[in-house]
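Accompanying notes for the structure given below.
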There are 2 protein chains.
Amino acid sequence: RVTDEDIKKRLERVKCKLAVMSGKGGVGKSTVTALLAIHFAKKGKKVGIFDADFLGPSIPKIFGVERKRPVLREEGLEPVYSDRYGIKIMSIQFFLPSRESPVIWRGPLIAGVMRDFLGRTDWGELDYLLFDLPPGTGDAPLTVLQEVKPEGVVVVTSPQDLTAMIVEKSIKMAESLETAVVGLVENMSYYECPQCGHREFIFGKGKGGELSAKYRIPFFVEIPIDPNLTKLTDMGKIEAYEVDFFEFFPL
Amino acid sequence: RVTDEDIKKRLERVKCKLAVMSGKGGVGKSTVTALLAIHFAKKGKKVGIFDADFLGPSIPKIFGVERKRPVLREEGLEPVYSDRYGIKIMSIQFFLPSRESPVIWRGPLIAGVMRDFLGRTDWGELDYLLFDLPPGTGDAPLTVLQEVKPEGVVVVTSPQDLTAMIVEKSIKMAESLETAVVGLVENMSYYECPQCGHREFIFGKGKGGELSAKYRIPFFVEIPIDPNLTKLTDMGKIEAYEVDFFEFFPL
Ligand SMILES: Nc1ncnc2c1ncn2[C@@H]1O[C@H](COP(=O)(O)OP(=O)(O)O)[C@@H](O)[C@H]1O
Ligand SMILES: Nc1ncnc2c1ncn2[C@@H]1O[C@H](COP(=O)(O)OP(=O)(O)O)[C@@H](O)[C@H]1O
Ligand SMILES: [Zn+2]
């Protein structure tokens, strides 16, 4: 029922679509997606986030807007706005009856729901629309990428599972969809002692630097484990986090 | 083909079976299983580990024995021995052709493979046989528990997802199988700065202490994030890790 034409119309006034993927769950992909959105918002850009992580939708919770609801207007589904920066947010979480979704997401079902959201959400005019993908490099994120066709992909890993394999697989996926990996984020890479400033690569120094150089990924950053970040995301107040790790993001 | 009688015979000379489960993957369940086995081995006990985590079999890798192979003798499959403490190890990893297993494990398949291993592995005489379960509290670990019927269950969580829900669910699962949760391990709970000794609950203070008291779980421990532990497990040299977090384990 939702046609390619519907989707094309909805995304016509979105200047740049970026997808955020990960090697596996729990590496901080949703948190990084939020931080990247805030980076753009701080520069005065119009930003939206589509929470396509159907298995574990957490964008609304991170921004503290899980109690809000998208409004169905004549022009389509109006996204929810974040409190501080007015980032437009759409997530299946707004439509799930409870926190625990018993749905088992398979490829065709994901594709159908993606098209529904893409065809009905009225984003208006945006400089950036970020897509928080399902975790991993398997069918689910691939299905979302095929529907979205982003201008670029950002890969989030932890130092432990930042292996050449994940980066190569992400690059292959991106190339198969005629897009590119534009950024590599090594999350929870080190810890800085608040008392004496000592930095430790808690899970060992990751290979992100080498790999981004080898594959000519234009942007690479190591994000430390920061208890403040954990606390703010848990409280749904990520917009209060001051550090901008994406200061030199090229897009 | 493997009968309940076969399994009963194999486990007759195993004094105590303990299963190790987790709230979700990546919290360090396999690492904790290995540390508990080493705790018993250091006390001169005979110990075995059955790596029932079919999705992500990592016990052989943690002990650095993934290149060894179980020997099929007349008496049955002889487990592989760890280098330092002679802990007996059995894992499906020894039989997988490569590191990436494309198999999608469903309940009946897991049960069948479990019975095969349980009915054919010659453990000999053991004081403790530990079972590293598939992660989570869903069908896969439940299926393994039903085949094993352990004397006790140890639950591993991280401070972030140590919720009453996971503990309650684990207790229900244990009770449904007429066993009990004998230990709660909150892993990667805090970090101690090697330079100044400052301790920080990186992901926030967990609720493990409250929950183990509330549900009368006999053993509770918070294990810090220790880069030495990460390094040794990555190198397959966990037996070189000196700290024993299970010093006061009651069994
Ligand atoms: N750099 C970081 N420092 C501290 N905590 C972090 C960091 N990145 C993520 N977290 C925490 O880790 C948890 C998992 O992050 P999340 O973004 O939900 O992961 P994913 O989307 O990959 O499953 C969250 O509770 C979040 O607060
Ligand atoms: N207390 C700890 N300190 C540092 N690293 C840890 C700790 N516990 C586990 N790890 C590391 O975390 C990773 C995941 O642990 P693992 O035992 O494989 O988790 P699971 O079995 O729950 O998936 C491993 O690389 C391991 O070395
Ligand atoms: Zn310090």
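Because only heavy atoms are used, hydrogens play no part in the values below, and waters and symmetry mates are left out as well, while side chains stay in. We name chains A, B, ... by the order of the sequence lines, and we start the count at 1 in each one.
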- Considering only heavy atoms from C-beta outward, does the side chain of A/Phe203 approach that of B/Met188 to under 4.5 Å? yes

- Could you give the distance from SG (A/Cys193) to CZ (B/Arg199), rounded to the nearest 0.5 Å? 13.0 Å

- Item | NE2-SG distance between B/His198 and A/Cys196, expressed to the nearest 0.5 angstrom | 9.0 Å

- Message: Counting only heavy atoms not in A/Lys237 (residues, nucleotides, ligands), do more than 12 fall under 6.0 Å from its NZ?
- Response: no

- Atom group of A/Ile202 that falls short of 4.5 Å from chain B, counting heavy atoms: both

- Counting only heavy atoms closer than 4.5 Å, note whether B/Asp234 contacts chain A via side chain, backbone, both or neither. side chain

